[in-house]
Protein chains: 2
Amino acid sequence: MGPSKTEEDYLKAIYKLSKVQPKGVATKSIGDLLNLKPPTVSDMLRKLGDKKFIKYAKYKGVTLTNEGERIALKIIRKHRLWETFLVDHFKFKWDEVHDIAEQLEHIDSARLVERLDEFLGFPKFDPHGDPIPDKDGVIVPRHDITLDQIKKGQKAVLVGVKDHSTEFLKYLESISLTLDTEVKVINVINYDKSIVVKAGNHSERNLSFQVSKNIIVQRNQ
Amino acid sequence: MGPSKTEEDYLKAIYKLSKVQPKGVATKSIGDLLNLKPPTVSDMLRKLGDKKFIKYAKYKGVTLTNEGERIALKIIRKHRLWETFLVDHFKFKWDEVHDIAEQLEHIDSARLVERLDEFLGFPKFDPHGDPIPDKDGVIVPRHDITLDQIKKGQKAVLVGVKDHSTEFLKYLESISLTLDTEVKVINVINYDKSIVVKAGNHSERNLSFQVSKNIIVQRNQ
DNA sequence: TGAAAAGATTAGGCAAATCTAATCATTATG
DNA sequence: CATAATGATTAGATTTGCCTAATCTTTTCA
Ligand SMILES: [Mn+2]
Ligand SMILES: [Mn+2]
Ligand SMILES: [Mn+2]
Ligand SMILES: [Mn+2]
């Protein structure tokens with residue numbers, strides 16, 4: 001039998017956390033992400049270790065095995081393909097699809113994923129700008145320039161977000177900062193690191209550091 | 001919280017069985033359908049009774065309450081909408097979609113079902129000719145004329161199947177007997193109740209009683 | 001009509017996934 | 001560097017959904 005839905009969720013969480021904790025993911029951070037108490041996580045880590053999905057040494061933190069990473073990437077692939085589907089074909093907004101994709105990502109059918117990918121035209125990025133792993137689990141690594149790193153007078157294109165919360169996404173949408181939007185940094189306020197930007201033909205707007213550092217951009221040229 | 005996936009499966013099973021056992025569905029038949037042992041079913045029936053999804057009197061058999069039927073119809077609606085989606089938009093054959101729909105029917109999002117229904121153009125029947133309950137759970141009752149009831153010389157149109165097994169569906173497909181196909185009964189063999197039919201511009205073919213009684217038709221004119 | 005057979009329920013148990021409380025290990029700090 | 005704080009694990013319990021074996025109820029039929 002394949003991994004349970006619960007096991008899949010753990011592996012996906014460990015995969016994501018390992019990008020910030022490459023030397024080993026902490027029990028606590030897994031629990032925080034999945035809303036589970038530490039003992040629950042400890043139990044599961046032992047089990048995932050037994051199944052060789054993770055390398056687990058008590059009190060040390062965990063890393064994925066190749067098999068564990070393969071499973072995590074498969075789930076992430078399905079999640080992002082379904083999000084793309086919902087936005088591109090079912091008229092959902094980018095802030096509405098995550099919870100539904102959390103369910104759809106566990107549907108078990110290789111053929112379905114194939115057809116979904118084909119139906120969408122083999123997309124490379126999801127509605128939040130996150131790269132979609134291909135059928136072999138290959139994922140394009142993404143540069144990590146955020147809007148706060150752009151200097152006064154320079155232009156950049158919004159290519160992703162670091163915060164996926166409904167609140168943040170709705171806020172960006174409300175000020176017309178969506179994927180592929182070109183943004184010009186008009187001014188940088190040293191006092192609080194906020195910036196003044198102009199996007200499209202909207203009026204100038206001030207963005208807090210908290211906002212700008214959660215916006216992933218690509219420099220123009 | 002809503003009903004669990006397991007509870008939904010029981011209610012759907014009871015709904016289907018109640019069409020054949022209207023005075024009360026037997027524990028054994030539920031177990032047979034869901035591949036569960038009788039004690040497992042007894043346990044769950046007590047629980048479903050406590051939750052007022054079914055009327056349960058020990059040793060008597062069960063019937064759905066209005067609430068239980070509402071839930072069952074919601075699951076059946078989702079199952080049939082997803083099957084329609086997979087066949088009409090993802091290039092699946094009618095014998096390939098049931099198992100995937102068994103998973104998709106449990107995805108919990110009213111908005112998703114709405115958009116799916118809209119995307120499909122509010123279909124009334126699924127790829128097997130089964131009627132799709134509307135958003136209020138209203139389902140058009142289907143007449144029950146099967147191909148074995150058609151007399152020699154008469155024509156009928158294939159509008160559904162009673163057996164949904166992959167084997168049966170693949171067999172029908174292989175002899176070009178698919179939904180909306182017009183069939184003429186050329187001869188009836190009294191000895192074994194088999195019939196000789198002609199469909200489209202294919203040559204005449206003999207169908208066993210077992211096959212003909214699993215094909216739902218509509219008389220021509 | 002009174003066994004025997006069939007069907008249903010009860011009793012007792014197990015695995016998965018969760019929790020709280022208690023204990024153990026690591027890290028940080030006065 | 002000793003100890004307090006933090007983090008992780010172990011112990012013990014609960015819920016859900018499943019099982020086998022034993023018992024009870026209903027139906028069948030000789
Ligand atoms: Mn998401
Ligand atoms: Mn996403
Ligand atoms: Mn089906
Ligand atoms: Mn169907």
Side-chain angles (χ1 to χ4, degrees), chain A residues 1-14 17-18 20-64 68 71-72 75 102-103 105-106 108, chain B residues 1-14 17-18 20-64 68 71-72 75 102-103 105-106 108:
Chain A
M1 229 129 48
S4 67
K5 175 192 174 305
T6 304
E7 289 169 354
E8 290 180 345
D9 283 334
Y10 273 88
L11 295 174
K12 189 176 63 152
I14 295 166
L17 292 167
S18 72
V20 206
Q21 302 169 66
K23 285 174 291 186
V25 175
T27 302
K28 190 177 185 303
S29 54
I30 299 170
D32 288 348
L33 193 59
L34 300 177
N35 286 307
L36 296 169
K37 303 293 177 183
T40 306
V41 177
S42 277
D43 268 6
M44 182 57 81
L45 293 183
R46 189 193 35 70
K47 193 171 134 194
L48 294 174
D50 291 349
K51 294 195 177 183
K52 301 277 161 51
F53 293 154
I54 61 174
K55 261 180 294 191
Y56 176 47
K58 277 189 224 175
Y59 293 101
K60 297 307 178 194
V62 301
T63 53
L64 292 176
I71 296 168
I75 302 302
E102 283 293 305
Q103 299 180 63
E105 72 189 8
H106 300 289
D108 180 29
Chain B
M1 229 129 48
S4 69
K5 175 191 174 304
T6 304
E7 288 170 353
E8 289 181 344
D9 284 334
Y10 272 88
L11 294 174
K12 188 176 66 152
I14 295 166
L17 292 168
S18 72
V20 206
Q21 302 169 65
K23 284 173 293 186
V25 173
T27 302
K28 189 176 186 306
S29 53
I30 299 170
D32 289 348
L33 193 58
L34 299 178
N35 287 306
L36 297 168
K37 302 295 177 182
T40 305
V41 177
S42 278
D43 270 5
M44 182 56 82
L45 293 183
R46 188 192 37 68
K47 192 171 135 194
L48 294 174
D50 290 349
K51 293 196 178 185
K52 301 278 163 48
F53 292 154
I54 61 173
K55 261 180 295 193
Y56 176 46
K58 278 188 223 174
Y59 292 101
K60 296 307 178 195
V62 301
T63 53
L64 292 175
I71 297 167
I75 302 302
E102 284 293 306
Q103 299 180 63
E105 72 188 6
H106 300 290
D108 180 27

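All values reported here derive from a predicted model rather than from experimental measurement. Reminder, nothing fancy here: chain letters follow the sequence lines and each chain counts from 1.
A straight line from OH of A:Tyr10 to P of C:dA16 spans 14 Å, rounded to a whole angstrom. The distance between atom NZ of A:Lys51 and atom C1' of C:dA15, rounded to the nearest whole Å, is 11 Å. Spacing between atom CD1 of B:Ile54 and atom C1' of C:dA8 amounts to 14 Å, rounded to whole angstrom units. B:Asp9 has its CG atom 14 Å from the C1' atom of D:dT16, to the nearest Å. Across the protein-nucleic acid pair, B:Met1 atom CE and D:dT16 atom P stand 8 Å apart, rounded to whole Å. Computed from coordinates, the A:Met44 CE to C:dA15 P distance equals 15 Å when rounded to whole Å. One interatomic measurement links the two molecules: CG of B:Leu34 to P of D:dC18, which rounds to 9 Å at whole-angstrom precision. Taking atom CG of residue A:Asp43 and atom P of nucleotide D:dG12, one finds them 13 Å apart after rounding to whole Å.
The residue among A:Pro39 and A:Glu7 whose nearest nucleotide of DNA chain C lies closer to the 5′ end is A:Glu7.
B:Leu11 has its side chain within reach of B:Ile54: a pair of non-hydrogen atoms, C-beta onward, lies under 4.5 Å apart. Contact annotation: the side chain of B:Lys12 approaches that of B:Glu102 to within less than 4.5 Å [non-hydrogen atoms, C-beta and beyond]. Using a 4.5 Å heavy-atom cutoff, the side chains of A:Leu45 and A:Ile14 are in contact. For the pair A:Glu8 and A:Glu105, the minimum side-chain heavy-atom distance is 4.5 Å or more.
For the pair A:Tyr56 and A:Gly49, the tightest heavy-atom approach, listed with the atom from each and the gap, is CB-CA, 4.5 Å.
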Worksheet item: Given the rule in the side-chain contact (heavy atoms from CB on, under 4.5 Å) test, do B:Leu34 and B:Thr40 qualify, once you have shown the distances and angles that lead to the verdict?
Response: CA-CA 11 Å; B:Leu34 299 178; B:Thr40 305; over 6 Å; no

Worksheet item: How does protein contact run along nucleotides 1-8 of chain D, one letter per nucleotide 5' to 3', with B for base contact, S for sugar-phosphate only, - for none, heavy atoms under 4.0 Å?
Response: ------BB

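Residue A:Thr40 is in base contact, counting any heavy-atom pair closer than 4.0 Å across all strands shown.
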